[in-house]
Chemist: 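Okay, here's the structure, questions in a sec.
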Protein chains: 2
Amino acid sequence: MQKNPNKCQFVGTLDTIVGKWKPLIIYLLLQGEPLRFNELRRLLPGITQRMLTLHLRELEEEGIVKRVIYPQVPPKVEYSITEYGMSLSPVMETIHQWGAIHVERKKLTNQITTSNSADL
Amino acid sequence: MQKNPNKCQFVGTLDTIVGKWKPLIIYLLLQGEPLRFNELRRLLPGITQRMLTLHLRELEEEGIVKRVIYPQVPPKVEYSITEYGMSLSPVMETIHQWGAIHVERKKLTNQITTSNSADL
DNA sequence: CTGTATCCGCTCCGATACTG
DNA sequence: CAGTATCGGAGCGGATACAG
């Protein structure tokens with residue numbers, strides 16, 4: 001399918017970290033502290049149970065996130081970053097920094113775009 | 001809209017570079033050489049005219065890509081990276097490297113046993 | 001050569017309800 | 001507490017045809 005090796009690399013990485021909430025989930029878990037399901041939910045205002053579950057499952061399948069179930073009542077599940085997941089740290093850090101630096105510019109761009117929407 | 005500043009940074013960056021072909025377009029133009037529309041098309045096997053146009057327009061609006069029209073017959077349009085776009089270089093490089101390192105693992109995870117290491 | 005214009009399927013994601 | 005199931009809308013991207 002993918003003949004272009006350069007494309008493979010970008011697609012591979014981005015498929016792993018792209019998703020409406022994935023970057024933030026990874027970012028939160030990269031802080032080091034394991035987090036419970038509802039703790040993540042509180043740290044991600046607006047996320048639905050469904051999306052949190054789905055994204056955590058995907059990250060688990062990728063080997064980025066480790067899921068530990070404590071057999072208790074009520075249930076307790078902790079999510080933490082894996083060694084493999086930690087290798088994403090420089091990627092996330094670079095993305096985070098670029099965003100921080102260029103957020104202002106993006107705001108301007110969006111304002112221009114918005115004001116030009118009159119020509120519909 | 002986005003209450004979480006950390007989220008803003010990730011979303012801001014990823015919105016800029018995410019898209020089915022955007023990373024590769026940026027990567028190609030980061031090589032330095034201005035490229036014509038059809039040159040890009042040839043370098044991106046499988047892309048449609050529509051998507052190439054749309055992605056280029058978005059990148060242009062973001063200030064990542066510069067579009068120069070030469071008033072000729074037949075038409076000639078060259079796309080090149082802007083100074084601002086060059087600031088994405090470390091981001092793209094980091095993503096590219098992580099992908100290159102972890103492509104093999106991803107193949108195993110996805111149970112794709114093509115083992116076609118030739119495209120590395 | 002460098003685009004636009006339509007149509008349309010498919011995936012992502014939200015909302016909501018239900019469960020061990 | 002930590003999920004699963006189902007429905008449905010919105011938007012991305014592909015296929016195709018047309019145009020300056």
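Labels below follow one simple rule: chain letters A, B, ... track the order of the sequence lines, proteins then strands, and each chain is numbered from 1.
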Chemist: Compare side-chain N and O positions of A:R57 against OP1 and OP2 of D:dG3 and report whether any pair is under 4.0 Å apart.
Modeler: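 True: A:R57 side-chain N/O within range (under 4.0 Å) of D:dG3 OP1/OP2.
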Chemist: Closest to the A:T48 side chain: C:dG14, D:dC1, C:dG3?
Modeler: C:dG14
Chemist: Within the supplied structure, the quantity of interest is the number of heavy atoms (other residues, nucleotides, ligands) at a distance under 6.0 Å from B:K66 NZ; does it exceed 12?
Modeler: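 Not more than 12 within 6.0 Å, no.
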Chemist: Taking CD1 from B:I69 and P from C:dT2, how many angstroms apart are they, rounded to a whole number?
Modeler: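 It works out to 11 Å between those atoms.
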Chemist: Looking only at side-chain atoms of B:P75, point me to the closest of C:dC1, C:dG3, D:dA2.
Modeler: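 Looking only at side-chain atoms, B:P75 lies closest to C:dC1.
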Chemist: Provide, to the nearest angstrom, the distance between the CD atom belonging to B:E60 and the P atom belonging to C:dG3.
Modeler: 9 Å
Chemist: Starting at NZ of B:K76 and ending at P of C:dG3, how long is that distance when rounded to a whole Å?
Modeler: 13 Å
Chemist: Distance check needed: C:dT16 C1' versus A:L54 CG, whole Å only.
Modeler: 15 Å
Chemist: State whether A:Y79 places a side-chain N or O below 4.0 Å from either non-bridging phosphate oxygen (OP1 or OP2) of D:dC1.
Modeler: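 Negative; the distance criterion is not met.
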Chemist: I need the NE2-C1' distance between B:H55 and D:dG13, as an integer number of Å.
Modeler: 8 Å
Chemist: Taking only side-chain nitrogens and oxygens of B:R41, does any of them come within less than 4.0 Å of OP1 or OP2 of C:dG3?
Modeler: no
Chemist: Expressed in angstrom and rounded to an integer, what is the separation of A:Q72 atom CD from D:dC1 atom P?
Modeler: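 Taking CD of A:Q72 and P of D:dC1, I get 13 Å after rounding.
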Chemist: What is the distance, to the nearest angstrom, from the CG atom on B:L35 to the P atom on C:dG3?
Modeler: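 Nearest whole value for this atom pair: 13 Å.
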Chemist: In this structure, how many angstroms lie between the P atom of D:dA5 and the CE atom of A:M51, rounded?
Modeler: 16 Å
Chemist: Please determine whether a side-chain nitrogen or oxygen atom of B:R50 lies at a distance below 4.0 Å from atom OP1 or OP2 of C:dT6.
Modeler: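 So the side-chain polar atoms of B:R50 never come under 4.0 Å of the phosphate oxygens OP1 or OP2 of C:dT6.
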Chemist: Can you see if the side chain of B:R36 gets near the phosphate of C:dG3 - specifically, an N or O under 4.0 Å from OP1 or OP2?
Modeler: no
Chemist: Can you confirm whether B:Q72 is buried at CD, in the sense that more than 12 heavy atoms of other residues, nucleotides or ligands lie under 6.0 Å from that atom?
Modeler: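 Enclosed.
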Chemist: Less than 4.0 angstrom between a side-chain N/O of A:W21 and OP1 or OP2 of C:dG14, yes or no?
Modeler: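 Indeed, a polar side-chain atom of A:W21 lies that close.
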Chemist: Please determine whether the number of non-hydrogen atoms from other residues, nucleotides or ligands lying under 6.0 Å from atom CD of B:E33 exceeds 12.
Modeler: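 Count not over threshold, so no.
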Chemist: Look at the aromatic rings of A:Y79 and A:F37 and report parallel, tilted or perpendicular, splitting at 30° and 60°.
Modeler: tilted
Chemist: Among A:R67, A:K22, A:K20, which residue satisfies the salt bridge (Lys or Arg N to Asp or Glu O under 4.0 Å) criterion with A:E58?
Modeler: A:K22
Chemist: With respect to the side chain of B:T53, which nucleotide from D:dA2, C:dG3, D:dT4 is positioned closest?
Modeler: C:dG3
